[in-house]
Amino acid sequence: MLSKYIKLSAILFFLSVSFIFAQQKKDIKPPLKINQLTRILFIFDASYSMNGMWQSDTKIAIAKKLLGELLDSLKQIESYENIEVALRVYGHQKPVPPQDCDDTRLEISFSKKNYDRIKNKLKTIVPKGTTPIAQTLMAAAGDFTPCQECRNVIILITDGLEECKGDPCAVSQELQKKGIFLKPFVIGIGLKDKSSLDCVGSYFDAEDEETFKSILNVIITQVLNTTTAQVNLLDIHGKPTETDVNMTFYDINTGNAKYNFIHTINYRGNPDTLRIDHLPMYKIFVHTIPPVSKDSVKLTQGIHNIIGIDAPQGYLTLRVQGLNDYKQVLQCIVRKAGEMATLNVQGFNQTVKYIVGKYDLEVLCLPRLIIKDVKISQSTTTTVDIPQPGIATVIMRTPGIANIFLLDKKELKFVCNINPTATQESFLLEPGNYKLVYRARNSKEVINTIEKIFKVEAGSSININIF
């Protein structure tokens with residue numbers, strides 16, 4: 001039942017994208033032009049078992065024929081300029097017995113328009129040996145020369161499982177994490193036990209010859225086309241109204257940032273369409289404050305993918321009472337309520353968007369102001385006002401050891417130290433009553449400590465003289 005479903009899905013998908021690989025159709029053009037260099041390494045099983053009969057001919061003959069037809073189709077599509085293909089074969093150099101687990105060779109290296117070279121090489125391949133899949137994948141890592149912007153793809157065609165005690169799954173996953181190649185495509189020819197190949201890559205079961213042909217075409221269509229998607233940043237009502245924020249798409253296997261987009265609503269009032277590579281699995285990181293994300297996003301080629309991410313936001317405005325254009329440098333640390341991690345440092349007379357919720361504010365004035373549980377609601381602006389500070393200038397005859405304290409009822413609360421090498425220093429202080437404690441640096445007696453009480457009023461200036 002499953003094989004019939006795969007066969008039907010492959011055929012329908014193949015037809016739906018109108019990308020028909022047929023030698024007679026020389027005017028066919030692909031739906032998208034590939035701008036990024038795509039390198040496709042065909043890994044071809046030429047172990048002894050490929051001599052076995054299957055459907056209308058031997059497995060090796062059918063695999064050669066269908067891969068050759070695919071190469072002819074690629075050759076005819078002139079707009080695919082940024083494609084390079086290569087051929088690696090295993091099991092074709094040494095017969096069994098004895099078993100040679102190093103029997104793998106890059107027969108045709110990467111270059112453009114080398115389709116005929118690969119076809120001619122396939123004609124000379126004679127199945128002889130064993131099936132060293134893990135060793136072949138390790139060797140294939142060296143077939144891809146360093147290229148930061150390339151899409152490296154492996155298509156493995158095999159009729160058997162690992163026979164050399166290697167671990168193809170572990171090798172494949174490790175090389176994917178290193179960014180050597182994307183998740184491979186694996187085509188199993190008449191395999192009964194496919195469990196050990198499922199984790200190597202995206203597995204396709206070619207139960208018969210016609211399905212094999214359809215699968216090849218579907219895979220190459222997926223490899224050579226991007227797909228479309230839109231990210232719906234959802235408000236608290238589940239509607240895609242949030243926008244104007246950066247989004248980073250990370251490749252889950254490598255951890256590398258593959259795309260950065262600033263989200264926008266297009267002229268039709270919808271989140272704008274992205275055209276991206278559907279082969280990797282992504283983690284999408286939305287740079288709201290605090291950030292939100294969605295993990296394990298897998299895109300489907302041939303459809304428009306809609307990705308919903310909850311990102312309800314409101315606004316926080318910080319103001320100084322009585323001043324519309326506050327020129328002093330005054331900032332505020334914003335944290336999630338009850339947490340210590342800094343989310344943002346916001347200036348005054350600024351408005352910033354935050355995810356809805358409660359926040360604690362620490363205003364970096366003297367003394368520090370702590371404002372707890374400030375609520376941010378959907379699409380509304382919460383305004384926080386603080387008193388206008390005043391300026392206190394301390395003037396000393398000689399430098400000294402000095403501190404400023406806030407008088408809070410009977411308690412002294414430390415505010416700041418005074419520069420021990422200065423004779424004059426100004427401070428921006430919130431309105432209140434303060435005490436200055438001073439001793440000259442050259443004095444060695446505590447009896448010479450001087451105390452002065454002063455008051456700071458909003459928007460005023462005061463001099464505190466120590467003589």
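- Using a 3.5 Å distance cut-off with no hydrogens or angles, the side chains of R39 and T145 do pair a donor with an acceptor.
- A salt bridge does not link D360 with K336: every distance from a Lys NZ or Arg NE/NH1/NH2 to an Asp or Glu carboxylate oxygen is 4.0 Å or more.
- For N305, the side chain to side chain donor-acceptor pair (under 3.5 Å) test picks out no residue, with sequence neighbours left out.
- For the residue pair T228 and R275, no side-chain donor N or O sits within less than 3.5 Å of a side-chain acceptor on the partner.
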*Hey, mind stepping through T104 and R88 against side-chain hydrogen bond (donor to acceptor under 3.5 Å, both in side chains) and telling me if it holds?*
CA-CA 7 Å; T104 177; R88 174 172 282 276; 2.9 Å; yes

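- How far CG of L279 is from CG of N225: 10.0 Å, rounded to the nearest 0.5 Å.
- A donor-acceptor pair under 3.5 Å is absent between the side-chain atoms of D198 and the main chain of Y203, judged by distance alone.
- At distances below 3.5 Å, not a single donor-acceptor pair connects side-chain atoms of T211 with backbone N or O atoms of E207.
- With sequence neighbours left out, C332 forms a disulfide (SG to SG under 2.5 Å) with no residue at all.
- Listed for the E162 side chain is a donor-acceptor partner under 3.5 Å among the backbone atoms of A134.
- A salt bridge links K119 with D72: at least one charged nitrogen is closer than 4.0 Å to a carboxylate oxygen.
- Taking a 6.0 Å sphere around NZ of K353, one finds it holds more than 12 heavy atoms contributed by other residues, nucleotides or ligands.
- Side-chain contact between Y259 and L274: absent, with no pair of heavy atoms (C-beta onward) separated by less than 4.5 Å.
- Taking the six-membered ring for Trp and thresholds of 30 and 60 degrees, F249 and Y282 have ring planes more than 60 degrees apart, a perpendicular arrangement.
- The side-chain heavy atoms of I355 and I376, taken from C-beta on, include no pair separated by under 4.5 Å.
- Rounded to the nearest 0.5 angstrom, S296 OG and M281 CE are separated by 5.5 Å.
- L197 places a side-chain heavy atom less than 4.5 Å from the side chain of I133.
- In this structure, the side chains of N114 and I108 come closer than 4.5 Å at one or more pairs of heavy atoms.
- For K113, the side chain to side chain donor-acceptor pair (under 3.5 Å) test picks out no residue, with sequence neighbours left out.
- Sorted by first and then second residue, the disulfide bond (SG atoms under 2.5 Å apart) pairs involving residues 187-280 (not counting sequence neighbours) are C169-C199.
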*Give the C-alpha distance, both sets of side-chain angles, the deciding distance and a yes or no for ring pair (Phe, Tyr, Trp, His ring centres under 6.0 Å) between Y359 and Y354.*
CA-CA 9 Å; Y359 297 86; Y354 295 87; 5.5 Å; yes

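- A distance-only check finds a donor-acceptor pair linking the side chain of T227 to the backbone of I303 [under 3.5 Å].
- Side-chain atoms of T158 and Y90 include a donor-acceptor pair closer than 3.5 Å.
- The residue from T381, V352, V374 that alone fulfils the side chain to side chain contact (heavy atoms under 4.5 Å, CB included) condition with L316 is V374.
- Here the CG atom belonging to N266 is positioned 5.0 Å from the CG atom belonging to D272, to the nearest 0.5 angstrom.
- Between the side chain of T243 and the backbone N or O of H263 there is at least one donor-acceptor pair closer than 3.5 Å.
- R319 and D385 are joined by a salt bridge, as a carboxylate oxygen and a charged side-chain nitrogen come within less than 4.0 angstrom of each other.
- Scanning for side chain to side chain donor-acceptor pair (under 3.5 Å) contacts around N417 gives N403, with sequence neighbours left out.
- For the ring pair (Phe, Tyr, Trp, His ring centres under 6.0 Å) condition, the pairs that include at least one residue of residues 133-172, sequence neighbours left out, are F110-F144.
- Distance alone, capped at 3.5 Å, places no donor-acceptor pair between the D295 side chain and the K283 backbone.
- Atoms CG and NZ, from L406 and K413 in turn, are 7.0 Å apart once rounded to the nearest 0.5 Å.
- Other residues, nucleotides and ligands contribute more than 12 heavy atoms inside 6.0 Å of the CZ atom of F261.
- Residue I418 holds its CD1 atom at 8.0 Å from CD1 of I464, rounded to the nearest 0.5 Å.
- Look at E362 and R335 and you find a salt bridge, because one of the NZ, NE, NH1 or NH2 atoms lies within 4.0 Å of a carboxylate O, short of that distance.
- Closest approach of A63 to F212, counting heavy atoms only: CA-CE2, 3.9 Å.
- By the neighbour-count criterion of 12 heavy atoms within 6.0 Å, atom CG of L412 is densely surrounded, having more than that number from other residues, nucleotides or ligands.
- When side chains are defined from C-beta on, V394 counts as touching L436, because their heavy atoms get closer than 4.5 Å.
- P420 is linked by a side-chain contact (heavy atoms from CB on, under 4.5 Å) to I401, R441, counting only residues two or more places apart in sequence or in another chain.
- Note on E411 versus K409: no salt bridge recorded, every NZ/NE/NH1/NH2 to OD/OE distance being 4.0 Å or above.
- Side-chain atoms of Q346 come within 3.5 Å of backbone atoms of Q350 as a donor-acceptor pair (strictly under, hydrogens ignored).
- The backbone N or O of E69 lies less than 3.5 Å from a partner atom in the side chain of S73, making a donor-acceptor pair.
- Side-chain contact, N217 with S214: no donor N or O sits under 3.5 Å from an acceptor N or O.
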*Derivation and outcome, side chain to side chain contact (heavy atoms under 4.5 Å, CB included), residues D310 and V292*: CA-CA 8 Å; D310 290 328; V292 295; over 6 Å; no

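- Here the SG atom belonging to C365 is positioned 5.0 Å from the CD1 atom belonging to I386, to the nearest 0.5 angstrom.
- Checked by atom type and distance alone, the side chain of E425 pairs as donor or acceptor with a backbone atom of N419 at under 3.5 Å.
- Remark: F414 CZ is packed, more than 12 non-hydrogen atoms of other residues, nucleotides or ligands lying under 6.0 Å away.
- Taking T383 as the reference, nothing meets the side chain to side chain donor-acceptor pair (under 3.5 Å) condition, with sequence neighbours excluded.
- For residues 229-238, the pairs satisfying side chain to side chain donor-acceptor pair (under 3.5 Å) are Q230-N232, Q230-H304, D235-T241, with sequence neighbours left out.
- Heavy-atom neighbours of R368 CZ from other residues, nucleotides or ligands within 6.0 Å: above the threshold of 12.
- Side-chain contact, D277 with T226: no donor N or O sits under 3.5 Å from an acceptor N or O.
- The stretch residues 371-380 participates, sequence neighbours left out, in these side chain to side chain donor-acceptor pair (under 3.5 Å) pairs: E242-Q378.
- Taking every heavy atom of both residues into account, Y250 and G255 meet most closely at CD2-O, 3.5 Å.
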Which pairs of donor and acceptor atoms, one on a side chain in residues 174-191, lie under 3.5 Å apart (sequence neighbours left out)?
unit_1 : atom_1 : unit_2 : atom_2 : d
Q176   : OE1    : N253   : ND2    : 3.1
Q176   : NE2    : S172   : O      : 3.4
Q176   : NE2    : S172   : OG     : 2.9

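- The minimum heavy-atom distance between A392 and L429, with the atom names listed, is CB-CD1, 3.8 Å.
- Under the rule for a disulfide (SG to SG under 2.5 Å), the partners of C150 that lie at least two apart in sequence or sit in another chain are C147.
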